[in-house]
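Report on the structure given below.
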Amino acid sequence: MTVTKVSKSTRGRYLVYIDDRPFCPLYGAELSTYHVEPGAEITEETCETIKQEVLIKRSRLRAMNLLMKHGFTESGLRTKLAEGGYPADVVDDAVEYVKGFGYVDDKAFARDYVFSHASDKSVRRIVSDLLSKGVSQDVINEILEENRGTSDAVDEEAQIRKLLIKRSFDPARADARELSRTYAYLSGRGFGMDVIRKVMSGFGGIEFYE
């Protein structure tokens, strides 16, 4: 195997490429220690030594530091570590390491997210957000079921009423155009037609049509 490129990254680090593929990030002194430079031949034994002596410890510390600053799903943490240039097997090790302490728990993450946003996001938006963060649909369903279903997990009707008040919505003065715009606004925030119709129909006794 050949070191094909060593490119400067950030904070004194360099990204090492082997056979034109990213291998790992190293500091200048480490490049010298392991004789890593463009054009140099490198053995699998040396790569493994670098992983064991440098990368595993560093990636574990990086994972811990990330989790101290922000909550991550397993998928999100993997992505963040991979962005740092760590090899896949080193990322696997770091994730398993922090999971061993209970620091990464997709169920706990989803539970906290539902609790934090039950008053300001629709069920549909919460589900969409969690999916985008790498939480599986099965885990999301389980967390919502813990609250005896979505209607108890998130009070969408209360959210809509709050949003209507915030927009100074006046059913007595709202014409068809204003009703349509208000529906589009609520729909855009992830609320379904049925719950929008129910709340708006009871908001001053108005009738609302598509």
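Under the rule for a side chain to side chain contact (heavy atoms under 4.5 Å, CB included), the partners of Thr46 that lie at least two apart in sequence or sit in another chain are Ile42, Thr43, Ile50. With sequence neighbours excluded, the residues forming a side chain to side chain contact (heavy atoms under 4.5 Å, CB included) with Asn141 are Gln137, Glu145, listed by chain and number. In this view, Asp105 satisfies the side-chain hydrogen bond (donor to acceptor under 3.5 Å, both in side chains) rule with no residue, not counting sequence neighbours. In this structure Ser32 satisfies the side chain to side chain contact (heavy atoms under 4.5 Å, CB included) test with no other residue, sequence neighbours excluded.
Residues in residues 77-88 take part in these side-chain hydrogen bond (donor to acceptor under 3.5 Å, both in side chains) pairs, two or more places apart or across chains: Glu74-Arg78, Arg78-Asp92.
Each of Leu55, Thr49, Val54 was compared with Lys51 under the side-chain contact (heavy atoms from CB on, under 4.5 Å) criterion, and only Leu55 meets it.
Counting only heavy atoms from C-beta outward, the side chains of Ile143 and Lys107 approach each other to under 4.5 Å. Looking only at side-chain heavy atoms (C-beta outward), Val104 and Phe109 stay at 4.5 Å or farther from each other. Looking at Asn65 and Met68, their side chains come closer than 4.5 Å, going by heavy atoms from C-beta outward. In this structure, Ile126 and Leu144 have side chains that are not in contact, with every pair of non-hydrogen atoms separated by 4.5 Å or more.
Residues Val6 and Pro38 approach most closely at CG2-CD, 3.8 Å, considering heavy atoms. Pairing each heavy atom of Ala63 with each of Val98, the nearest pair is CB-CG1, 3.9 Å. Smallest separation of non-hydrogen atoms from Leu81 and Ser59: CD2-O, 4.0 Å. Closest non-hydrogen pair, Leu130 versus Ile140, comes out as CB-CD1, 3.6 Å. The heavy-atom pair separating Ala110 from Val139 by the smallest distance is CB-CG1, 4.4 Å. Residues Cys47 and Met1 come closest through the heavy atom pair SG-CE, 3.8 Å.
We find the CZ-CE distance between Arg60 and Met64 to be 10.5 Å, quoted to the nearest 0.5 Å. A distance of 8.0 Å separates OH of Tyr97 from OH of Tyr103, quoted to the nearest 0.5 Å.
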Please table the atom pairs, donor to acceptor, closer than 3.5 Å between any side-chain atom in residues 13-26 and protein atoms at least two apart or in another chain.
residue: Asp19; atom: OD1; partner: Thr2; partner atom: N; Å: 3.0
residue: Asp20; atom: OD1; partner: Thr4; partner atom: OG1; Å: 3.4

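By the criterion of side-chain heavy atoms lying less than 4.5 angstrom apart, applied directly or through intervening Ile, Leu, Val, Met, Phe, Trp or Tyr residues, Phe101 is grouped together with Leu66 in one hydrophobic cluster. Val90 and Leu61 fall into different hydrophobic clusters, defined by Ile, Leu, Val, Met, Phe, Trp and Tyr side-chain heavy atoms under 4.5 Å apart, directly or through other members.
Enclosure of atom CD in Glu44 is not indicated, since only 12 or fewer non-hydrogen atoms of other residues, nucleotides or ligands lie within 6.0 angstrom.
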